[in-house]
Amino acid sequence: MSKKTDSNVYTIIFAIAMVIVVGGLLAFTASALRPRIDNNERLEKQQNILYAMGVNANDESSAVFVSTAEAPELFSKYISKQLVIQGDKVSEDENAYLIDVKKEQASAKAGNQRRLPLFVGEKDGKTFYIAPIRGKGLWDAIWAYIAMDKDMVVQGAYFDHKGETAGLGANIKQRYFMDDFIGESLMNSGEFKGITVAKGNNDPKNENKGDNKVDAIAGATITGDGVSAMLKSELKQYVPYFENLKNN
Amino acid sequence: MGLLSKKDAALIKDPLADNNPITIQVLGICSALAITAELEAAIVMSVSVLFVLGIGNVVISLMRNIIPSKIRIIVQLIVVAALVIIVDQVLKAFAYELSKTLSVFVGLIITNCIIMGRFEAFALANGPWRSFLDGIGNSLGYGVILIIVAFFRELLGAGTLLGFKVLGDPIEKTGVYAFGYENNGFMLLAPMALIVVGIIIWIQRSRNTALVEDH
């Protein structure tokens with residue numbers, strides 16, 4: 001007995017119809033929701049930048065952003081300047097926070113000069129320089145917003161990831177990891193060293209701030225190495241700007 | 001259960017015990033070891049699978065008479081992938097925080113063999129209501145094991161449950177750590193998930209020897 005659904009013609013027609021229906025449905029959903037999703041991503045960037053400079057709603061142990069409703073207002077209140085560094089040129093751009101770091105990395109690889117966004121924030125009389133950076137973890141992209149003072153000492157950090165292992169690498173966005181970076185210097189006796197996520201640091205409370213090291217997360221070696229590599233290669237590009245800052 | 005007939009109730013109850021998708025059918029092992037390092041992730045994954053399998057089973061069941069048998073696996077794959085992507089997009093637009101927690105699981109849900117397994121074994125041959133119950137039953141059975149495994153892994157590996165330090169602080173040496181207890185970091189690594197699942201299988205089969213296969 002052969003059913004009508006076994007014929008080749010039926011199979012092909014079904015396949016074509018299915019592709020059109022499902023493709024159309026997905027395209028419609030994606031384009032209908034695009035503006036809302038873009039807006040959410042924009043607010044998230046503002047929340048991330050504010051988080052790094054210490055404008056957040058943290059409770060005792062977990063990382064909490066300022067609410068999305070407040071974010072735009074707080075962003076314009078605390079972020080005094082948004083800079084774009086391109087070689088020796090430094091210009092202001094009020095939409096610098098929308099620069100896609102991933103695209104800039106790709107264009108730098110293609111031989112173009114990379115645009116480096118840097119946000120200058122003022123809070124309680126202190127000046128923060130916040131850099132958005134991006135690198136690779138174990139499974140997928142990792143990124144961070146690092147707030148520094150003029151001597152490149154970390155004042156705050158926010159890490160995030162696309163698909164690191166839950167319970168292991170994903171813990172880079174936990175307070176106990178991010179807070180360890182506060183007070184660590186990226187420089188060591190005048191030279192750029194970065195900060196290494198180190199195993200066997202034997203400094204679990206992270207009281208030694210002069211060693212360019214923070215304690216690693218057990219079971220997340222490759223994610224940790226990714227964080228070290230990202231900090232080193234990305235923040236190094238900001239060194240000329242900070243040297244200029246000191247000389248002027 | 002007055003609401004369901006005996007046969008329908010069995011669709012929910014069987015996968016929870018004697019026909020569990022993980023411990024008896026040994027499906028969904030990949031996600032069982034990938035996301036059971038902490039309890040919260042396991043709960044999120046269980047709820048996601050409950051949702052996708054419940055709805056997916058109904059969709060496949062409604063389409064069962066028009067799906068060409070030659071390409072049925074591809075059709076099933078497209079249905080589950082489309083479903084997951086649409087849900088992901090909707091969450092990104094309306095519940096952004098939640099979508100960020102879930103984004104890690106999207107790939108794991110699409111490739112979860114329990115989902116394809118239930119489409120193929122049940123939804124293609126049964127009506128939508130029974131398929132829905134089957135989907136709910138199997139994802140509950142899956143979730144129960146996930147949560148048990150994650151409970152032990154997070155407790156013994158990190159000394160926490162849902163992020164709360166239930167055993168005290170390992171750095172400040174409070175709670176049980178004051179007596180020299182140490183977390184077993186090995187519990188956080190993937191192989192230990194298999195060992196925990198193995199122990200569950202062992203306990204289950206020694207309690208009900210009818211489940212032991214003859215070879």
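Treat the numbers as computed from the prediction; the structure is a model and nothing was measured. Chain letters run A, B, ... following the sequence lines, proteins first and then strands; every chain starts at 1. The analysis underlying the following values was restricted to heavy atoms, covering all of them including side chains, and did not include hydrogens, waters or symmetry mates.
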Assess the side chains of [X] and [Y]: does a donor N or O sit below 3.5 Å from an acceptor N or O?
X: B:Y96; Y: A:T68; value: no
X: A:N39; Y: A:R42; value: yes
X: A:D160; Y: A:Y145; value: no
X: A:Q82; Y: A:N95; value: no
X: A:Y176; Y: A:N171; value: yes

Can you tell me which portion of [X] sits under 4.5 Å from chain A's heavy atoms? Options are side chain, backbone, both or neither.
X: B:M187; answer: neither
X: B:N65; answer: backbone
X: B:L39; answer: neither
X: B:I74; answer: neither
X: B:A82; answer: both
X: B:K70; answer: side chain

Heavy-atom side-chain proximity of A:E164 to A:I142 below 4.5 angstrom: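 Yes, side chains in contact.
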Within the 4.5 Å heavy-atom criterion, are B:Q25 and B:N20 side-chain neighbours or not?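 A side-chain contact under 4.5 Å is absent here.
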Which one, B:T36, B:I67, B:V79, B:I85, leads in non-hydrogen pairs under 4.5 Å with chain A?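 If we count pairs closer than 4.5 Å to chain A, B:I67 comes out on top.
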Based on non-hydrogen pairs under 4.5 Å, which of B:L189, B:V75, B:I35 is most in contact with chain A?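 Result: the option with the highest number of such pairs is B:V75.
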What residue in A:L26, A:L33, A:N8 has the most heavy-atom pairs under 4.5 Å with chain B?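 Heavy-atom pair counts peak at A:L33.
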Side chain, backbone, both or neither: which part of A:T165 has a non-hydrogen atom closer than 4.5 Å to chain B?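 A:T165 touches chain B through side-chain heavy atoms alone.
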Pick one of side chain, backbone, both or neither for A:L43, based on which atoms fall under 4.5 Å of a heavy atom in chain B.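 Contact with chain B involves no heavy atom of A:L43 at all.
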Parallel, tilted or perpendicular, as decided by the 30° and 60° cut-offs, for the rings of A:F181 and A:F159: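 If you compare the ring of A:F159 with that of A:F181, the planes turn out tilted.
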